[in-house]
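First up is the structure itself, then whatever we jot down about it.
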Amino acid sequence: MTASNTATKAHEAHAAPAAPECDQVATPGAAAAPAPAAMPAASAVVAPAATPATTAAAERDPRIARSRAALREAFITLVEERGIDGFSVGDLCTSAGLNRGTFYNHFRDKESLLASFEDEVIEGLGGVLAKFQNIKLRELAACSLTHRPLPMLVELYDYLREEGPFLHAMLGPGGDARFGMRLREAVCGRFVRSLLHERYQNDPSAFTRYYISFYSGAYLGVISEWIDSGMTETSEEMALISMRLLFIKPGESIKM
């Protein structure tokens with residue numbers, strides 16, 4: 001744990017609550033305090049989306065969905081403004097309009113909430129990338145030669161655009177550096193591996209490992225640049241750029 005994390009937790013453990021609705025902080029090892037009999041809608045129970053069961057619960061209960069969305073928006077805003085280590089759970093709850101008792105009923109700490117958000121994004125990407133499993137290199141080459149974007153790549157960039165605010169915060173200077181590594185493996189690594197001939201997809205040789213690592217890092221750089229520059233290119237344009245980068249040869253024009 002970083003020094004800033006330790007300081008944040010120490011502050012939360014000893015600071016008095018800023019408002020009456022924030023006095024339900026759970027202590028380690030103790031059961032969470034019961035919710036007030038008449039809880040305002042803004043303090044609806046927030047269920048983590050780390051499992052299918054809790055995701056289904058959020059879909060059934062619009063209060064849970066609203067509360068989770070408020071937490072997510074507040075989290076993104078605070079990361080952009082202060083960096084991931086620059087705010088406390090109390091700050092997060094105040095920004096989201098929720099009380100800390102509700103938060104601690106469902107999350108251990110800020111890190112568990114972050115893990116829930118990150119897992120949610122990676123899981124969504126997994127659903128898109130599953131369609132890449134049967135892609136053939138000749139299919140990608142045919143699209144590249146005819147200047148047609150590969151539909152699966154368009155869908156991938158559509159999803160990345162939807163998650164743009166979260167990705168911008170996490171990949172930025174105040175975000176979570178570990179998430180960038182997860183994104184590289186979950187998106188770029190799987191994409192590059194899917195393009196290899198089947199005999200090399202599970203090849204443990206050094207060259208294959210470095211080939212995948214080289215292109216995975218390159219594509220993470222492409223995604224990061226697109227997000228950081230405001231995603232001005234369309235998903236179709238980014239699909240074409242990604243394909244062009246894969247097939248470009250040394251000495252060729254770098255124009256589209």
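Quick note: residue numbers are just sequence positions, from 1.
- Leu183 is connected to Met231 through a chain of hydrophobic side-chain contacts under 4.5 Å among Ile, Leu, Val, Met, Phe, Trp and Tyr, so both are in one cluster.
- The main-chain N or O of Ser242 is found under 3.5 Å from a side-chain atom of Tyr219 such that the two form a donor-acceptor pair.
- Residues Trp226 and Ile241 are not in side-chain contact: their nearest non-hydrogen atoms beyond the backbone lie 4.5 Å or more apart.
- The CG atom of Leu240 sits 9.0 Å away from atom CG of Leu153, with the distance rounded to the nearest 0.5 Å.
- A side chain to side chain contact (heavy atoms under 4.5 Å, CB included) with Val187 is found for one member of Ile122, Val128, Leu129 and no other, namely Leu129.
- Taking OG of Ser229 as the start and NE2 of His168 as the end, the distance is 9.0 Å to the nearest 0.5 Å.
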Stepwise side chain to side chain contact (heavy atoms under 4.5 Å, CB included) test for Arg182 and Asp119: CA-CA 10 Å; Arg182 290 187 67 187; Asp119 289 346; 3.0 Å; yes
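- Using a 4.0 Å cut-off between charged nitrogen and carboxylate oxygen, Asp85 and Lys110 do not count as a salt-bridge pair.
- With Ser112 contributing its side chain and Asp109 its backbone, the two residues share a donor-acceptor pair below 3.5 Å.
- Here the OH atom belonging to Tyr210 is positioned 11.0 Å from the OG atom belonging to Ser205, to the nearest 0.5 angstrom.
- Separating the CD atom in Glu111 from the OG atom in Ser116 is a distance of 13.0 Å, to the nearest 0.5 Å.
- Expressed to the nearest 0.5 Å, how far OH of Tyr211 lies from CG of Asp203 amounts to 12.5 Å.
- Using a 4.5 Å heavy-atom threshold, the side chains of Phe107 and Val89 count as separate.
- Contact of the Phe117 side chain with the Arg68 side chain is registered, since non-hydrogen atoms from C-beta on lie closer than 4.5 Å.
- Cluster annotation: Met152 is connected to Val222 through the hydrophobic network of ILVMFWY side chains, with a link wherever side-chain heavy atoms come within less than 4.5 Å.
- For the pair Ile223 and Leu167, the minimum side-chain heavy-atom distance is 4.5 Å or more.
- In this structure, Thr232 OG1 and Met238 CE are separated by 9.0 Å, a value rounded to the nearest 0.5 Å.
- Under the 4.5 Å side-chain heavy-atom criterion for Ile, Leu, Val, Met, Phe, Trp and Tyr, Met243 and Leu245 are members of the same hydrophobic cluster.
- In the displayed structure, Arg178 atom CZ is contacted under 6.0 Å by at most 12 heavy atoms of other residues, nucleotides or ligands.
- Looking at Asp91 and Ser88, their side chains do bring a donor and an acceptor atom within 3.5 Å of each other.
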Indicate every side-chain donor-acceptor pair of residues 69-79 with a distance under 3.5 Å to a residue at least two apart or in another chain.
from: Arg72; atom 1: NH1; to: Glu163; atom 2: OE1; distance (Å): 3.4
from: Arg72; atom 1: NH2; to: Glu163; atom 2: OE1; distance (Å): 2.7
from: Thr77; atom 1: OG1; to: Glu73; atom 2: O; distance (Å): 3.0

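- For the pair Tyr159 (side chain) and Val121 (backbone), a donor-acceptor distance under 3.5 Å is present.
- Under a hydrophobic-cluster definition in which Ile, Leu, Val, Met, Phe, Trp and Tyr are linked whenever side-chain heavy atoms come within less than 4.5 Å, directly or via other members, Ile212 and Phe214 are assigned to the same cluster.
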